[in-house]
Amino acid sequence: MNETGKTFRVGFTGGEPFLIPNILEAARALTKKHFISINTHLTSSKIKEFAEAIPPDKVLFIQASLHFDELEKRKLKSRFIGNYLLLKGRGFNVFAEAVAFPPFISRLEEFREFYGKEGIDFSFGAFIGIYDGKKYPESYTEEEISAFGLDVSEQSKFLQKGNLCNAGFNAAVVFSNGNVFPCFQIKEKLGNVYEEIDFYDAPITCPARQCGCPLNLYDEYLFEKALKSM
Ligand code: SF4
């Protein structure tokens, strides 16, 4: 990456990036020249070292997935809260997001009060899947949309077929074996991070009926840059 002379943004996403044995080493090396972002459940014991060793201005964001039930079940609420406040205190752009799982509606006030008191403001993202025989996000009622604070227009972002996209042009996904693909939907291998990557010569037209990770929206800067190159 350094040899290209370009600046990269490397987004570490789920599974759980902090389970990667050398994530701190990788983050340290990458942030010398490049930028990173992280999606994490924020309960790893490595967060403290991360917060101390990595410069916040090289971390575009840390999205902390707030799993209410799991944190309770595994007695990790205080770990999550402590890590969140530590990162925030050190100037990281950290924010919490929970999934608007339909049965949570009855406990919304409880969640908001508990985490709010601890200094954690969180938002909800739509649940995508089947619950109680109903397909979501399509089955949210008006009342649920308003209670969870969901943005319904958000859903159209997952329907990208026919739209221009920078997948494979100046953005790509990398799997743990280093293999590089344009995105999670397009299975045409572009190379491997340990060898070479043959990026496309131009942005593409999205071929997928549904996209869970639209690269043309998740990094607007790179998408705009791709459009300007046409
Ligand atoms: S599936 Fe998503 S990331 Fe892939 S080309 Fe379509 S919009 Fe872009």
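Position 1 is the first residue of the sequence, and the numbers go up from there. Start at 1 and go down the list; that is how both ligands and their atoms are numbered. These numbers come from a predicted model, not from an experiment.
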By number and element, which atoms of ligand 1 are closer than 4.0 Å to a non-hydrogen atom of [X]?
{"X": "Gln160", "result": "7 (S)"}
{"X": "Gln185", "result": "1 (S)"}
{"X": "Ala208", "result": "1 (S)"}
{"X": "Cys211", "result": "1 (S), 2 (Fe), 3 (S), 7 (S)"}
{"X": "Leu215", "result": "3 (S)"}

Compute the centroid of each ring, for [X] and then for [Y], and state whether the two points are separated by less than 6.0 Å.
{"X": "Phe111", "Y": "Tyr115", "answer": "no"}
{"X": "Phe50", "Y": "Phe92", "answer": "yes"}
{"X": "Tyr200", "Y": "Phe169", "answer": "no"}
{"X": "Phe122", "Y": "Phe68", "answer": "yes"}

* To do: Check whether any N, O or S atom of Cys183 sits under 2.8 Å from atom 6 (Fe) of ligand 1.
  => no
* Asked: So is Lys189 actually on top of Phe175's ring, under 6.0 Å and inside 45° of the axis?
  -> no
* Structure fact -> Counting heavy atoms under 4.0 Å, the part of Cys213 that contacts ligand 1 is backbone
* To do: Report yes or no: does Cys165 have an N/O/S atom closer than 2.8 Å to atom 8 (Fe) of ligand 1?
  => yes
* **Carboxylate-amine/guanidinium contact Lys135 Glu138, below 4.0 Å** => yes
* Nearest-contact summary for atom 6 (Fe) of ligand 1 - protein heavy atom, Å -> Cys206 SG, 2.3 Å
